[in-house]
Amino acid sequence: MAAAAGLSPRLVVTPGRRSHSHGRRRMCCAAAAAAQGERKTTVRSKEGDAVELCRVVNGMWQVSGPSWGRYETPAAVDAMLRYADGGLSTFDMADIYGPAEDLYGLFINRVRRERPPELLEEIKGLTKWVPPPVKMTRSYVEDNINRSRKRMDVSALDMLQFHWWDYANPGYLDALKHITDLKEEGKIKTVALTNFDTDRLQIILENGIPIVSNQVQHSIVDMRPQRRMAELCQLTGVKLITYGTVMGGLLSEKFLDTNVSIPFAGPPLNTPSLQKYKRMVDAWGGWSLFQALLQTLKKVSLKHGVSISTVAVRYILNQTSVAGSMVGVRLGLSEHIKDTNAIFSLELDEDDMNSITEASNKGRNLMDIIGDCGDEYRA
């Protein structure tokens, strides 16, 4: 495949080191200030493919198993309607998230029957394809994409986010070429990635694949995407969609002034997401340092009359190249529509941003410990 326009000669993004000057973060804050309060954004490729998204995305990992609580399908679909009616109109799922795509299909049909066409136009369903690293033939790729289209009951996927486990196997380029062909045939509207690192994103772009975004783990604790990935995104126009931004709920009042190392003394880490992000806290600096971070976030949240989680998401939305951030939804079990909508009107000033950055910088540089975006899945 020919090199993409504007990407030759090869772009080189050097590993970034932690800076305590906050200069770049101040620039980031200033650049984000104009965008604060904006509910929607458009991600687009250099080739012109584009999709408009809500900047806070409803994450549906939580329906993939009973660990987050058992839901009833009618109640889950009702909850999706409430989120959409509340202005939170973008949903993220995957072929491997249990019945997530099927739930979306039920939901979108309810919208078609029961809501005005204007709301249907606003709703977007982002899905992921996470195949085993086998030979990527045209028929294999197309069969899997068609399966997602059927489950979601759409003629074209709004966004397909592709993941690949094994970089030693270059079959990801074959898969992405077939995905791009399917986009040209109208079965996919936009092509995206999930958990790709900077080097592979660069290779993919140089091979002419029209990438609009890369979904990566990004929180106040995990600032790795701002080291190298954001620099390449600025050069190429690719945007970031972040997950883990509230760390499964760790970045909340519930875990402030607690000690989870003492059995039964603190809130239980009783979901896969809480357990996953507790490991990130341990790698970053441990529970005591995390408590200091929560205290900083609490001061900012009290200043603005919002929750800690709202501040945590707003801070990441203000970062370079971040188009949207994921907040997980436990459909039919709990809701946070009001707190989530508060993110759009929250404006963090320079003092807020700098105080949070300072607290974040007290932890270890996770680039040194884990590696680049997605490396935790390829250890």
Side-chain angles (χ1 to χ4, degrees), residues 56-71 76 79-80 83 88 90-101 103-104 126-128 130 161 163 194-195 215-225 240-256 258 260-261 266-287 290-291 293-294 297 307-313 315-317 322 324-337 339-340 343 360 363 366 370 373-379:
V56 178
V57 179
N58 303 314
M60 294 177 64
W61 181 31
Q62 285 78 358
V63 304
S64 63
S67 301
W68 287 275
R70 296 187 181 276
Y71 67 90
M80 294 176 76
Y83 275 94
L88 303 170
T90 300
F91 295 82
D92 177 89
M93 64 215 85
D95 63 327
I96 60 171
Y97 289 179
E101 292 181 334
L103 286 173
Y104 184 85
L126 321 181
T127 195
K128 306 180 192 77
V130 187
Q161 302 167 104
H163 177 77
T194 182
N195 286 317
Q215 187 178 133
V216 294
Q217 183 173 296
H218 196 355
S219 69
I220 296 169
V221 165
D222 186 1
M223 294 296 293
R224 288 177 297 157
L240 299 176
I241 297 175
T242 74
Y243 67 89
T245 308
V246 296
M247 304 190 73
L250 288 177
L251 288 171
S252 69
E253 283 79 4
K254 181 178 180 180
F255 288 91
L256 179 64
T258 65
V260 297
S261 64
L269 302 175
N270 57 359
T271 68
S273 46
L274 285 171
Q275 294 158 13
K276 172 182 179 177
Y277 295 116
K278 172 58 164 59
R279 292 192 292 271
M280 296 300 298
V281 168
D282 294 341
W284 170 75
W287 196 252
F290 185 67
Q291 286 298 309
L293 172 61
L294 286 178
L297 294 174
S307 70
I308 286 175
S309 296
T310 298
V311 173
V313 177
Y315 180 84
I316 296 301
L317 285 175
V322 173
S325 289
M326 203 91 61
V327 175
V329 290
R330 299 177 72 176
L331 298 171
L333 301 174
S334 63
E335 289 185 6
H336 39 69
I337 294 172
D339 275 353
T340 302
I343 296 166
S360 173
L366 293 181
I370 299 173
C373 300
D375 280 359
E376 61 271 30
Y377 298 104
R378 302 177 180 88

Qualifying residues under ring pair (Phe, Tyr, Trp, His ring centres under 6.0 Å), relative to F255, sequence neighbours excluded:
none
Apply the test side-chain hydrogen bond (donor to acceptor under 3.5 Å, both in side chains) to residues S325 and T242: give CA-CA distance (whole Å), side-chain angles for both, the deciding distance (0.1 Å), then the verdict.
CA-CA 5 Å; S325 289; T242 74; 2.8 Å; yes
Is I370 close to M280 at the side-chain level, that is, under 4.5 Å between some pair of heavy atoms?
yes
If only atom types and distance count, is the side chain of T258 paired as donor or acceptor with the main-chain N or O of V260 below 3.5 Å?
no
Residue pair L240 / P225: nearest heavy atoms and the distance that separates them
CD1-CB, 4.1 Å
Can you list the residues that meet the side chain to side chain donor-acceptor pair (under 3.5 Å) rule with T127, with sequence neighbours excluded?
E101
Stepwise, does the side chain to side chain contact (heavy atoms under 4.5 Å, CB included) test hold for S261 with W287?
CA-CA 8 Å; S261 64; W287 196 252; over 6 Å; no
Which heavy atom in S273 sits nearest to a heavy atom in W61, and how many Å separate them?
CB-CZ3, 3.6 Å
Kindly state each residue pair satisfying salt bridge (charged side-chain N to carboxylate O under 4.0 Å, His left out) with at least one member in residues 244-256, sequence neighbours excluded.
E253-K298
Set of residues satisfying ring pair (Phe, Tyr, Trp, His ring centres under 6.0 Å) with respect to Y243, sequence neighbours excluded
none
From CG (L251) to CG (L293), nearest 0.5 Å
6.5 Å
Taking K276 first and then E376, would you say they form a salt bridge - that is, a charged N and a carboxylate O separated by under 4.0 Å?
no
Distance check, rounded to the nearest 0.5 Å: L366 atom CG versus Q217 atom CD?
8.5 Å
Could you give the distance from OH (Y377) to NE2 (H163), rounded to the nearest 0.5 Å?
7.5 Å
Derivation and outcome, side chain to side chain contact (heavy atoms under 4.5 Å, CB included), residues V130 and Q161
CA-CA 9 Å; V130 187; Q161 302 167 104; over 6 Å; no
What orientation do H336 and Y83 show, parallel under 30°, tilted 30 to 60°, or perpendicular over 60°?
perpendicular
Of all the heavy-atom pairs spanning N58 and L88, show the shortest one and how long it is.
ND2-O, 3.0 Å
Correct closest heavy-atom pair for V56 and L317 would be CG2-CD1, 4.2 Å
How long is the span from the CG atom in D92 to the CD atom in Q215, to the nearest 0.5 Å?
4.5 Å
All heavy atoms of S252 vs all of G249, minimum pair found to be OG-O, 2.5 Å
Excluding sequence neighbours, so at least two apart, what forms salt bridge (charged side-chain N to carboxylate O under 4.0 Å, His left out) with D282?
K278
Is there a side-chain contact between H218 and I241, using heavy atoms and a 4.5 Å cut-off?
no
Would you give the length of the straight line joining atom OG1 of T245 to atom OH of Y315, rounded to the nearest 0.5 angstrom?
12.5 Å
If I take atom CE from residue M247 and atom CH2 from residue W284, how far apart are they, to the nearest 0.5 angstrom?
8.5 Å
Minimum heavy-atom distance A76-L103, with the two atoms named:
CB-CD2, 4.3 Å
Evaluate the side chain to side chain contact (heavy atoms under 4.5 Å, CB included) criterion for residues T271 and Q62: first the C-alpha distance (whole Å), next the side-chain angles of each, then the deciding distance (0.1 Å), finally the verdict.
CA-CA 9 Å; T271 68; Q62 285 78 358; over 6 Å; no
Go through I220 and V311 one step at a time and tell me if the side chain to side chain contact (heavy atoms under 4.5 Å, CB included) criterion holds.
CA-CA 10 Å; I220 296 169; V311 173; 5.7 Å; no
With Y277, which residues qualify under ring pair (Phe, Tyr, Trp, His ring centres under 6.0 Å), at least two apart?
none
